[in-house]
Amino acid sequence: MISVGFLLEVEAKSEAAKEKEAGDFLYFHGDRDEAIERFEHAAELEPDMVDAHMSLVNLYLLSKNRGAALEHAKALVKLKPKDKNMHMLLGNLYRGDKHYDEAVKEFETAVALGVPEQSVMNILGYIYLDSKQLEKALTCFARAADGKDRAAAVDARLGAAVTKFRMNRGDDALADLDILIKESGGTGSAYLTRGHLRANLNKLDGALSDFKEALKKEPENARVHEAIGNIYYRQGKKDEAEKAFLKSVRLDKENASVHYSLGTLDLENKRFEEAAVHFENGAEVDEDTESRRKMQDLARRIRSPLGADTIDEADYTGITSRRNFFDLNYCDLLVIPNSVWLESKERVKIENSGMSPEPKR
């Protein structure tokens with residue numbers, strides 16, 4: 001005889017599959033919140049449903065709920081401890097939340113399970129760079145630069161240059177970038193990196209030249225337009241800065257710092273309504289709790305009955321999602337090149353067919 005417990009388990013799994021199917025349908029048609037509820041119910045009914053957890057990781061990341069995404073990524077690693085892609089996924093999330101020790105552990109496990117070492121050495125190099133373990137960063141970048149993947153080697157050489165710069169070896173860093181640009185013909189990332197380092201050394205004309213070269217390579221890169229705007233601002237060319245920032249924000253509306261810089265320019269030009277809108281828009285996408293709170297408060301004060309009379313220049317100069325925005329350390333703008341992440345992201349996406357389709361726009 002078939003036990004009652006077995007029948008209940010089969011019924012639960014059948015219900016979980018239905019919930020997963022409904023979640024896929026809702027996600028495909030753009031109803032993200034309802035899709036999350038269905039996927040969560042599916043995972044509750046059938047805790048070992050890998051597809052439901054993977055879909056929830058994607059949806060929570062889209063919803064900027066990194067904490068929930070992390071929990072489901074942990075569940076995936078427990079369900080598939082020998083799957084290198086799950087460790088890469090969890091490592092990426094830990095790294096994004098600056099949980100560096102946990103991230104290193106996951107990436108090292110992924111290498112042991114078969115992920116190519118070169119790309120992971122690059123990621124580890126940037127982790128050690130972020131966490132100010134500079135000697136370890138240089139070691140990892142050196143190993144990545146010796147591999148067969150040319151793109152990964154270029155990323156490693158960029159990382160090594162930034163590391164040397166942070167070790168107060170600025171001349172070495174710029175010399176390495178000069179060689180890299182000459183050998184590679186100059187990529188957008190290489191010009192952008194050299195531009196940031198030159199800007200940090202207050203070599204503004206050289207930095208602007210590099211950013212313009214980067215723009216030729218990547219005309220739709222919002223970060224390049226932002227970098228150009230920063231140089232123009234520091235040179236006192238406020239109109240040119242505003243044009244560059246506006247171009248940047250059109251390309252990437254979720255970059256809080258560009259909204260804040262535009263808000264600052266609006267305040268300087270006594271365009272108070274426009275300033276409030278930019279501060280509000282920036283706060284809406286800013287992941288930094290403190291700067292978001294300050295910008296929301298600033299927007300409320302601008303819109304108060306007393307309006308801009310309550311605002312002092314010190315209230316808005318330098319208060320952005322990055323410290324000392326208009327006098328910033330340009331190394332703070334340097335992030336891990338996109339190509340370093342693409343391989344691990346695509347591997348997870350391709351090798352896990354249960355992921356939900358992209359929703360219709």
Side-chain angles (χ1 to χ4, degrees), residues 32-33 60-67 96-98 130 192 195-196 199-200 204 207-208 211 215 220-335:
R32 188 183 300 171
D33 292 339
Y60 279 128
L61 285 175
L62 287 172
S63 303
K64 300 186 184 302
N65 187 343
R66 294 184 60 86
D97 288 342
K98 300 186 184 301
D130 287 347
L192 187 60
H196 286 319
N200 189 272
L204 301 187
L208 185 59
F211 293 145
L215 198 60
E220 300 300 302
N221 187 327
R223 294 291 183 179
V224 179
H225 290 281
E226 180 186 11
I228 289 173
N230 284 326
I231 296 297
Y232 281 140
Y233 189 95
R234 291 177 65 179
Q235 292 177 331
K237 301 175 182 178
K238 304 295 181 66
D239 291 341
E240 289 90 337
E242 185 172 25
K243 290 177 184 177
F245 289 140
L246 286 170
K247 177 66 174 179
S248 179
V249 84
R250 280 195 291 269
L251 292 168
D252 181 9
K253 292 181 174 59
E254 299 201 355
N255 184 351
S257 63
V258 181
H259 286 292
Y260 295 160
S261 57
L262 284 167
T264 298
L265 287 168
D266 286 331
L267 280 182
E268 292 179 358
N269 289 292
K270 301 188 183 305
R271 300 190 298 253
F272 303 119
E273 174 63 26
E274 293 90 337
V277 170
H278 278 300
F279 291 138
E280 289 164 347
N281 288 343
E284 186 175 339
V285 296
D286 195 347
E287 295 184 359
D288 184 277
T289 303
E290 182 62 17
S291 61
R292 181 171 64 245
R293 182 192 64 76
K294 289 179 179 178
M295 286 299 145
Q296 289 170 335
D297 178 65
L298 190 53
R300 282 194 295 269
R301 289 165 62 190
I302 292 172
R303 295 185 182 281
S304 71
L306 293 177
D309 291 338
T310 67
I311 305 298
D312 185 87
E313 183 178 352
D315 289 328
Y316 58 83
T317 301
I319 305 175
T320 73
S321 57
R322 299 187 182 93
R323 293 182 302 161
N324 306 319
F325 180 67
F326 290 118
D327 188 29
L328 54 75
N329 179 333
Y330 271 72
C331 284
D332 292 341
L333 284 172
L334 294 169
V335 295

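To the nearest 0.5 angstrom, H196 atom NE2 is 8.5 Å from N230 atom CG. Within the model, atoms CD of Q296 and CG of D286 stand 9.0 Å from one another, a figure rounded to the nearest 0.5 Å. Rounded to the nearest 0.5 Å, atoms CE (M295) and CD (E290) are 10.5 Å apart. Between the CZ atom in R234 and the CG atom in L204 there is a gap of 5.0 Å [rounded to 0.5 Å]. Remark: F245 CZ to N255 CG distance equals 10.0 Å, nearest 0.5 Å. To the nearest 0.5 Å, atoms OG1 (T264) and CD (E268) are separated by 6.5 Å.
Listed by first and then second residue, the side-chain hydrogen bond (donor to acceptor under 3.5 Å, both in side chains) pairs involving residues 242-254 are K64-E254, E242-R271 (not counting sequence neighbours).
Listed by chain and number, the residues in a side chain to side chain contact (heavy atoms under 4.5 Å, CB included) with L208 are K212, I228, I231, Y232, Q235 (sequence neighbours excluded).
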Tell me, with the steps shown, if F279 and H259 meet side chain to side chain contact (heavy atoms under 4.5 Å, CB included).
-> CA-CA 6 Å; F279 291 138; H259 286 292; over 6 Å; no
Can you list the steps and then say if R303 with V277 is a side chain to side chain contact (heavy atoms under 4.5 Å, CB included)?
-> CA-CA 10 Å; R303 295 185 182 281; V277 170; 3.5 Å; yes
Mind running side chain to side chain contact (heavy atoms under 4.5 Å, CB included) on N281 and V285 for me, showing each step along the way?
-> CA-CA 7 Å; N281 288 343; V285 296; over 6 Å; no
Can you list the steps and then say if F272 with L267 is a side chain to side chain contact (heavy atoms under 4.5 Å, CB included)?
-> CA-CA 6 Å; F272 303 119; L267 280 182; 3.8 Å; yes
Go through the steps to decide whether F211 and H225 satisfy the test ring-ring contact (aromatic ring centres under 6.0 Å, His included), and finish with yes or no.
-> CA-CA 8 Å; F211 293 145; H225 290 281; over 10 Å; no
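R66 is not listed as a side-chain neighbour of Y60, based on a closest heavy-atom distance of 4.5 Å or more.
Side-chain atoms of N269 come within 3.5 Å of backbone atoms of L265 as a donor-acceptor pair (strictly under, hydrogens ignored). Remark: the backbone N or O of L62 is paired with a side-chain donor or acceptor of R32 at under 3.5 angstrom. The closest donor-acceptor contact from the side chain of S304 to the backbone of R301 lies under 3.5 Å.
In terms of heavy-atom proximity, A241 sits nearest to G229 at CB-O, 3.4 Å. The minimum heavy-atom distance linking A283 with R292 is given by the pair O-CD, 3.0 Å. In plain terms, the two heavy atoms of I302 and A275 that are nearest each other are CD1-CB, 4.3 Å. Here the closest non-hydrogen pair linking G195 and A207 is O-CB, 3.3 Å.
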